[in-house]
**Q** 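Structure provided below as structure tokens; questions to follow.
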Protein chains: 2
Amino acid sequence: MAVDAIGTEGAGESALSPVMQDYLKVIYAANEWSDAPVTTSWLARRLGVAPSSVSNMIGRLTSLELVHHRPYASIELTGEGQQMGKAMVRRHRLIETYLVAELGYRWDQVHAEAEVLEHAISDLMLNRIDAKLGQPTRDPHGDPIPGPDGTVIMPDAVPLTELQAGDSGVVARICDDDPVLLRYLEDLDVHLDCLIRVIEQRPFGSGTQVEIVPADDSTTGSARAAAPSIVLGNEALTSIWVVRDPQQAATRGADG
Amino acid sequence: MAVDAIGTEGAGESALSPVMQDYLKVIYAANEWSDAPVTTSWLARRLGVAPSSVSNMIGRLTSLELVHHRPYASIELTGEGQQMGKAMVRRHRLIETYLVAELGYRWDQVHAEAEVLEHAISDLMLNRIDAKLGQPTRDPHGDPIPGPDGTVIMPDAVPLTELQAGDSGVVARICDDDPVLLRYLEDLDVHLDCLIRVIEQRPFGSGTQVEIVPADDSTTGSARAAAPSIVLGNEALTSIWVVRDPQQAATRGADG
DNA sequence: CTCAAAAGTTAGTCGCACCTAAATAATAGT
DNA sequence: ACTATTATTTAGGTGCGACTAACTTTTGAG
């Protein structure tokens, strides 16, 4: 189950090319929050290459027994492919976390940098980073960081679209696909672990009104100003994942 | 004279390939401490490729006007090539310095890691690193780190072989070519800025006996144990560069 | 001064990762 | 069920950076 040993390869083994590593990483991550089948054209769009390039590379990965693929069917990782994909995801997310924690990056800036660095740093450096951060288990966007042994801690989150008016939830993940959205949400004070309550769903995808409940550090409800109430569009609603606040949709009302 | 803007290239320009950057970097660094002409075979050995590969690449760099080269003659950087080589050297050395300062690398471990990272990090990251380190002007081996404007502070150092018996000097640079030597010198407590006195030169390159003068932090010469006296072979003698202790070859005798 | 050895270049090839264009398989509409 | 559309694969080609092998120029030993 060892998920390590990517950089500065250990003598004998023939390391995968960075491009192959990217394929495995992207396929692994695709199956993380969804079970939609991974197709050639989806990968092509995701990786920014022509579909024929994907066919080609999937052929090679298939003969390396890193993916299963019958022509015209969907693409799945083998056990070994899964390990390597997971190892790349670990690299990517540890690097993102490091950039935020140690070099003052904003969460909308880390993705592109990590995309390159994940192929460049050695295992030694990865371990130093992991140690310096204290073995974190999630990255700045709330995605789980697989442990060195392959352990993954998945929060039981759903997209904000799943909540009904009156429901509330704690933000557990924000998709890092769109940096512009990330900046926007940052401005709106939407952070990991913040509490969101759905006020009203508007019809025909014209948005949902939600309330960002300010952090409640001082357990005595201090002077809690009017909670900002905002309207989120569909992109935001599907990008923000929350852990449902179980039965009591009113954590705030419990002692008030 | 801008030496920046390598990573995440600014829109219009067609960035050089990592391999081209390596050539420019290596040629630049070759001229730093020596004026020996850079030849095809020297580059081939240095870069670990066949001489024909070098001929080929030098041809391309010549037509890009980054190097001057007439067939069978030596290779020199143009002004533009020099800028880009210097920029890569800056990247390399800042990264080395960062790895030692922030991630606890030993000086014999940084070179290989920096070799890869210098092509991977963005200008943003380079600037963050530079800032975090406080704009250092030399790396862990004593090599100068060019400033963002191209400024270079070269210590006026000579190889230890230049010193005569009785001469002393302050270590200003240790070539990072051979990690094994670096580890060895580390064990011997040979560091940057430490004082070395030449005791006796043995004939026929059979080594030179030197004394490592312990650091004199407490300006009162404290309890300075017997200075370790060691014999250095030729590889060490040419790798250690010192700034001559001007006239008084006996800094230690001055107050003793 | 000659000629062998060393240094450098040229020619041709290869694998990788991409592309476009053309062919084929799967899917959906009527 | 048949066809139009879409998805996927195949075929053929490109640039890069490496290689080997063969050739040319320079160097230096006697």
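Protein chains get the first letters and strands the later ones, always in sequence-line order, with residue 1 at the start of each.
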**Q** Scan residues 20-39 of chain A for pairs that pass salt bridge (Lys or Arg N to Asp or Glu O under 4.0 Å), counting only residues two or more places apart or in two chains.
**A**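 The answer is Asp22(A)-Lys25(A), Lys25(A)-Glu115(A), Lys25(A)-Glu118(A), Glu32(A)-Arg93(A).
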
**Q** Ile58(B) CD1 to dG17(D) C1': how many Å, rounded?
**A** 14 Å

**Q** Indicate for each nucleotide in nucleotides 3-8 of chain D, in 5' to 3' sequence, whether protein heavy atoms under 4.0 Å reach the base (B), only the sugar-phosphate (S), or nothing (-).
**A** -----B

**Q** Expressed as a whole number of angstroms, how long is the span from Leu16(B):CG to dC16(D):P?
**A**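 Value for this atom pair: 12 Å.
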
**Q** Going by side-chain hydrogen bond (donor to acceptor under 3.5 Å, both in side chains), name the residues that satisfy it together with Thr151(B), two or more places apart in sequence or in a different chain.
**A** Asp149(B)

**Q** Rounded to the Å, how far apart are Leu43(A) CG and dA17(C) P?
**A**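 Going from CG in Leu43(A) over to P in dA17(C) covers 15 Å.
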
**Q** Give a yes/no on whether any side-chain N or O of Arg60(A) is located under 4.0 angstrom from OP1 or OP2 of dA17(C).
**A**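 True: Arg60(A) side-chain N/O within range (under 4.0 Å) of dA17(C) OP1/OP2.
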
**Q** For the side-chain contact (heavy atoms from CB on, under 4.5 Å) test, which of Val54(A), Ile27(A), Val26(A) pairs with Trp42(A)?
**A** Val26(A)

**Q** Please list, one pair per line, the donor and acceptor atoms closer than 3.5 Å that link side chains of residues 60-72 of chain B to other protein atoms, with sequence neighbours excluded.
**A**
| residue | atom | partner | partner atom | Å |
| --- | --- | --- | --- | --- |
| Thr62(B) | OG1 | Ile58(B) | O | 2.7 |
| Ser63(B) | OG | Gly59(B) | O | 3.4 |
| Ser63(B) | OG | Arg60(B) | O | 3.0 |
| His69(B) | ND1 | Ala73(B) | O | 3.3 |

**Q** Tell me: OH of Tyr23(A) to P of dC16(C), nearest whole Å?
**A**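 To the nearest whole Å, that distance equals 14 Å.
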
**Q** Which nucleotide in the set dC19(C), dA11(C), dA18(D) lies at the smallest distance from any side-chain heavy atom of Ser52(A)?
**A** dC19(C)

**Q** List the residues meeting side-chain hydrogen bond (donor to acceptor under 3.5 Å, both in side chains) with Tyr23(A), not counting sequence neighbours, and say none if there are none.
**A** none

**Q** Which residues satisfy the side-chain hydrogen bond (donor to acceptor under 3.5 Å, both in side chains) test with Tyr28(A), sequence neighbours excluded?
**A** none

**Q** Whole Å only: how far is the CZ atom of Arg70(A) from the C1' atom of dT9(D)?
**A** 15 Å

**Q** Between atom CG in Asn56(A) and atom P in dT10(D), what is the gap in whole Å?
**A**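 My rounded result for the distance is 9 Å.
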
**Q** Between dT9(C) atom P and Leu61(B) atom CG, what is the distance in whole Å?
**A** 13 Å

**Q** In terms of side-chain heavy atoms of Ala50(A), which of dC19(D), dC19(C), dA17(C) is nearest?
**A** dC19(C)

**Q** Do Asp143(A) and Arg173(A) sit within salt-bridge range, that is, some charged N less than 4.0 Å from a carboxylate O?
**A**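 A salt bridge links Asp143(A) with Arg173(A).
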
**Q** When the distance from CD1 of Ile75(B) to P of dG8(C) is rounded to whole Å, what number comes out?
**A** 8 Å

**Q** Can you find a side chain N or O atom of Ser17(B) that sits less than 4.0 Å from OP1 or OP2 on dG17(D)?
**A** yes

